[in-house]
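Please read all numbers here as calculations on a predicted model, not as lab measurements. Below, each value reflects all heavy atoms present in this structure, side chains not excepted, and no hydrogens, waters or symmetry copies. Below, read A as the first sequence line, B as the second, and so on, with proteins coming before strands; counting in each chain starts at 1.
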Amino acid sequence: MANNIELLDEILAKYQGKKGSLIPLLQETQNTLGYLSRETMAYIAEKMHLPAAEIFGVATFYSMFRLKPQGKHLIRVCKGTACHVSDADSIKKAVLDTLQLSEEKNTTADMQFTVMEVACLGCCSLSPVIMIDGRTYGKLTPAAIPAILKQYATEDTL
Amino acid sequence: MNNISVKVGLASCGVAAGAKEVYNALEQYLKEKNKPVTLKKTACIGMCFEEPIVQFEGSELGSIHIGKANPETITQILEDYIAGKAPAENVILAEKTSGKHNALLANQQRIVLRNCGIIDPECIEDYEARDGYKALQKALSMDSNAIIEEIKKSGLRGRGGAGFPTGLKWQFCASENADKKYVICNADEGDPGAFMDRSTLEGDPHSVIEGMIIGAYAIGANEGYIYCRAEYPMALEHLKTAISAAEEKGYLGKNILGSSFSFDLHIKEGAGAFVCGEETALMQSIEGKRGMPTLRPPYPAVKGLWGKPTNINNVETWANIPWIIMHGAQEFRKYGTEKSPGTKVFALAGKIAGSGLIEVPMGITLKDIIYNVGGGMKTSNPFKAVQMGGPSGGCIPAEKLDTIVDYDSITATGAIMGSGGMVVMDTGTCMVDVARFFLNFTQNESCGKCTFCRIGTKRMLEILTRITEGKGELQDLENLEELAVNIIKGSLCGLGQTAPNPVLTTLRYFKDEYLAHIVDKHCPAGVCNALITYKINPEKCIGCTLCARKCPVSCISGQVKQVHTIDQSKCTKCGTCFQVCKFDAVTKE
Ligand SMILES: Cc1cc2nc3c(=O)[nH]c(=O)nc-3n(C[C@H](O)[C@H](O)[C@H](O)COP(=O)(O)O)c2cc1C
Ligand code: SF4
Ligand code: SF4
Ligand code: SF4
Ligand code: FES
Ligand code: FES
């Protein structure tokens with residue numbers, strides 16, 4: 001937490017006094033620290049003179065905020081309409097199976113991957129689609145998943 | 001071979017399909033061979049199903065677009081093009097000869113997408129070269145009332161879903177007296193299965209920005225926000241670049257183009273909540289709060305962002321503005337119908353051959369869109385329904401395909417025009433499952449403020465889930481309709497008020513399918529897991545043992561080279577055997 005405080009103070013200073021800055025502030029905090037821990041939110045509340053409940057309320061309202069640590073690579077599996085009718089379920093299953101994860105457990109033990117669902121990545125013409133970090137993969141089949149995930153696994157062991 | 005240029009489409013879909021690699025191959029080739037060819041980037045021309053797409057221009061062959069380009073062959077195609085030899089590979093559009101999809105494009109009318117896939121969206125000069133910011137110049141010399149009158153005369157209606165007349169909305173806000181007013185661009189595009197706004201922002205951000213500056217001037221606002229969802233990193237990036245460039249050129253900021261009008265524009269990134277697309281929730285979110293819709297009135301035009309009069313429009317609405325100011329209301333009215341003038345952008349997805357982005361005049365029939373602009377069905381499976389309006393909309397069946405596209409005709413089918421997502425479904429799609437999918441979505445996204453929206457959608461979802469699991473009863477259908485009526489009545493915002501639409505339209509047009517699930521315990525489309533049985537066809541099984549080895553619960557038995565069988569009592573219906581069998585021996589019923 002100690003060096004996090006320095007980072008946090010920097011971010012707080014940047015948004016100081018700007019109207020409507022809570023959400024971008026939390027976004028940047030999450031980008032820097034990986035997730036929003038209870039301590040982090042309490043600290044922000046104190047510094048911004050806001051009730052902790054308000055910060056917590058905002059953080060839980062928006063699906064982008066993560067209250068738990070997450071893996072190094074974020075895999076977003078699209079569950080939008082176009083992907084759904086193109087059997088996105090089987091893609092999700094392949095991702096979970098390959099990483100030995102489940103609906104309940106969405107981060108790998110080695111903290112390498114976190115899997116989440118999103119409502120549409122805007123690349124519906126390539127459905128079914130997943131996004132790993134910033135990169136989109138389209139026209140997927142369950143069989144294609146292991147090879148894609150492997151790239152990220154090896155990249156890091158290198 | 002003087003002015004030969006090559007353009008690569010580098011919008012999200014293109015990049016996902018490998019367009020960057022194609023671009024890099026061309027770049028390296030041109031460097032090595034030192035050829036006098038200009039290599040450029042562009043965004044989405046709409047034929048996303050043919051990505052990566054490369055355009056060649058400038059030889060006597062005229063403009064040629066190549067689809068499904070790959071880094072290995074693209075340089076050879078370029079060499080041929082330079083030599084005046086027409087490429088043999090996948091020519092999708094051609095100026096002088098017949099490209100594969102020339103006809104699909106010819107049936108479109110591009111106003112909003114006028115620059116998409118043509119200009120480099122990160123280059124303001126490209127935009128200027130196509131009359132960009134000329135409408136702003138013209139507007140600044142006009143009286144603000146005259147601008148509002150022109151927009152009113154054009155009959156432009158909001159493209160975000162509800163279709164409210166834009167000019168009238170502007171007038172409400174303009175007539176408010178306040179020290180401060182805001183304009184907002186709604187780029188939240190939460191409807192799953194829609195990507196019109198993403199492509200517009202990626203492909204031509206300046207058209208939206210120019211529209212907003214003109215609107216702000218007409219209304220008397222000097223600050224604006226673009227609220228864009230965070231799932232669109234490229235759109236956000238292009239917007240940022242565009243805003244800085246526009247500031248540098250004096251189109252944004254203090255005393256725009258030497259006038260007394262000043263306007264600042266900011267970007268706000270969404271944080272992942274569908275309900276924030278609703279205008280009052282969106283403003284709460286900009287203010288840094290939980291995005292909960294508030295009661296209207298007061299309308300944003302009176303009391304909006306930070307309590308000030310605010311005008312909010314959708315991306316596509318804003319992108320229409322510069323065109324209307326440049327060409328006039330009368331010209332705009334040449335397209336579309338009396339009550340729905342102009343064009344509409346649609347995102348075609350699902351089981352359609354030509355999935356991508358199209359812009360068509362209002363008044364065109366759905367049939368024309370699907371078969372003459374979208375290229376028909378993707379596979380040999382026949383058409384079943386087209387979903388319009390996302391979670392607020394409904395499924396329109398084959399017998400209604402002659403419906404014309406305008407706000408009122410689409411509403412009459414029980415669906416809504418919505419923001420432009422069209423997901424095409426074939427006989428392999430289960431309509432009960434689709435209804436369940438949408439209810440699951442709205443139930444998840446309900447902000448929880450209204451009891452009927454929060455609990456009612458949950459009850460509906462439970463019923464639908466039961467039906468898809470083969471545990472439904474006939475009484476369920478009545479319960480669904482009753483819940484629907486109550487949710488519509490008891491909800492504060494559009495999310496709840498429209499949440500039952502996907503159920504109501506499927507019940508209206510596909511009741512048979514509900515009955516099949518409930519009475520016969522059968523899913524005609526073969527989608528609902530609990531109602532499917534996997535069987536091995538003894539005529540086709542050669543006993544390769546693959547399925548038995550892959551079955552996660554080891555419920556397939558059989559000796560090598562002998563017919564295998566499935567123990568139905570243990571089968572979890574995971575579908576693995578169906579996927580792996582190379583001899584089509586596993587069937588799904
Ligand atoms: C739940 C819900 C979600 C919405 N999502 C969007 C959206 O993503 N984009 C949008 O432009 N309008 C959306 N709207 C409509 C907006 O409330 C508003 O009507 C629109 O932005 C007005 O712009 P227009 O008049 O240009 O269409 C949504 C409405 C509701 C009720
Ligand atoms: S209708 Fe639903 S989403 Fe809208 S305010 Fe009520 S609970 Fe929230
Ligand atoms: S994979 Fe197909 S062919 Fe092989 S044993 Fe199974 S059913 Fe028979
Ligand atoms: S569907 Fe899955 S569980 Fe059932 S037999 Fe096939 S592989 Fe085994
Ligand atoms: S529905 Fe999956 S990308 Fe849009
Ligand atoms: S994203 Fe490339 S054509 Fe649509």
Side-chain angles (χ1 to χ4, degrees), chain A residues 15 18-28 30 48 50 54-65 76 78-90 93-94 97 116-127 129-131 133-143, chain B residues 12-13 15-17 48-49 51 189-195 197-199 229-233 235 268-274 276 285-292 306 347-351 355-357 387 390 421 423-426 428-429 433-434 437-438 441 444-445 447 552 574-575 579:
Chain A
Y15 290 97
K18 282 197 191 157
K19 55 183 181 178
S21 61
L22 182 56
I23 294 171
L25 184 147
L26 291 177
Q27 277 165 338
E28 190 166 340
Q30 172 165 292
M48 288 186 79
L50 285 172
E54 185 172 335
I55 311 261
F56 197 67
V58 167
T60 50
F61 185 83
Y62 296 98
S63 66
M64 185 163 290
F65 293 120
R76 302 188 220 219
C78 180
K79 296 279 281 192
T81 322
C83 291
H84 180 77
V85 302
S86 306
D87 205 11
D89 281 337
S90 70
K93 187 173 171 296
D97 287 354
M116 64 183 272
E117 282 180 10
V118 290
C120 179
L121 292 165
C123 287
C124 321
S125 48
L126 299 176
S127 58
V129 172
I130 66 171
M131 192 190 248
D133 304 330
R135 167 142 200 202
T136 313
Y137 296 86
K139 296 191 182 164
L140 293 169
T141 57
Chain B
S12 300
C13 291
V15 172
C48 310
F49 63 109
E51 288 281 12
E189 193 159 68
D191 170 4
F195 51 94
D197 297 348
R198 166 184 75 74
S199 296
R229 63 197 298 251
E231 287 85 348
Y232 290 174
K268 277 274 174 179
E269 242 178 77
F274 171 68
C276 286
S285 181
I286 294 182
E287 291 178 18
K289 303 183 193 140
R290 291 161 70 99
M292 299 266 217
W306 285 296
L348 301 179
K351 305 292 175 66
S355 58
L357 210 65
Q387 211 286 341
V423 181
V424 175
M425 300 167 178
D426 64 14
T429 314
D433 175 68
V434 167
F437 166 80
F438 280 115
F441 180 84
N444 261 321
E445 297 292 342
C447 82
C574 70
Q579 279 164 19

Region of F274(B) in contact with chain A, defined by heavy-atom distances below 4.5 Å:
neither

Ranking A271(B), P552(B), S355(B) by heavy-atom pairs under 4.5 Å to chain A gives rank one to A271(B)

Where on T60(A) is there a heavy atom nearer than 4.5 Å to chain B: the side chain, the backbone, both, or neither?
side chain

Go through A59(A), G57(A), S21(A) and name the one with the most non-hydrogen pairs under 4.5 angstrom from chain B.
G57(A)

Side chains of Q387(B) and F438(B): closer than 4.5 Å at any heavy-atom pair?
yes

dist C123(A):SG -> E231(B):CD (nearest 0.5 Å) comes out at 12.0 Å

Are Q27(A) and F65(A) packed together at the side-chain level, in the sense that at least one heavy-atom pair is separated by less than 4.5 angstrom?
yes

How about Y232(B) and F195(B): are their ring centroids closer than 6.0 Å?
no

Intermediate values then yes/no, side chain to side chain contact (heavy atoms under 4.5 Å, CB included), W306(B) and K19(A)
CA-CA 10 Å; W306(B) 285 296; K19(A) 55 183 181 178; 3.7 Å; yes

Evaluate the side-chain proximity of L140(A) to V129(A): yes if any heavy-atom separation is below 4.5 Å, no if none is.
no

Checked V434(B), L348(B), D433(B), T429(B) vs chain A; the most non-hydrogen pairs under 4.5 Å come from D433(B)

G291(B), A17(B), A349(B), G350(B): which one forms the most heavy-atom pairs within less than 4.5 Å of chain A?
G291(B)

Ranked by heavy-atom pairs below 4.5 Å to chain B, first place among C124(A), G80(A), S86(A) goes to C124(A)

Could you check if a side-chain atom of S90(A) sits within less than 4.5 angstrom of a side-chain atom of Q579(B), using non-hydrogen atoms only?
yes

Heavy-atom pairs under 4.5 Å with chain A, option from E189(B), E269(B), R290(B) with the top count
R290(B)

Applying a strict 4.5 Å limit to non-hydrogen atoms, the region of K79(A) in contact with chain B is backbone

I'd like to verify something: which residue of C447(B), G193(B), A235(B) has the highest number of heavy-atom pairs under 4.5 Å with chain A?
G193(B)

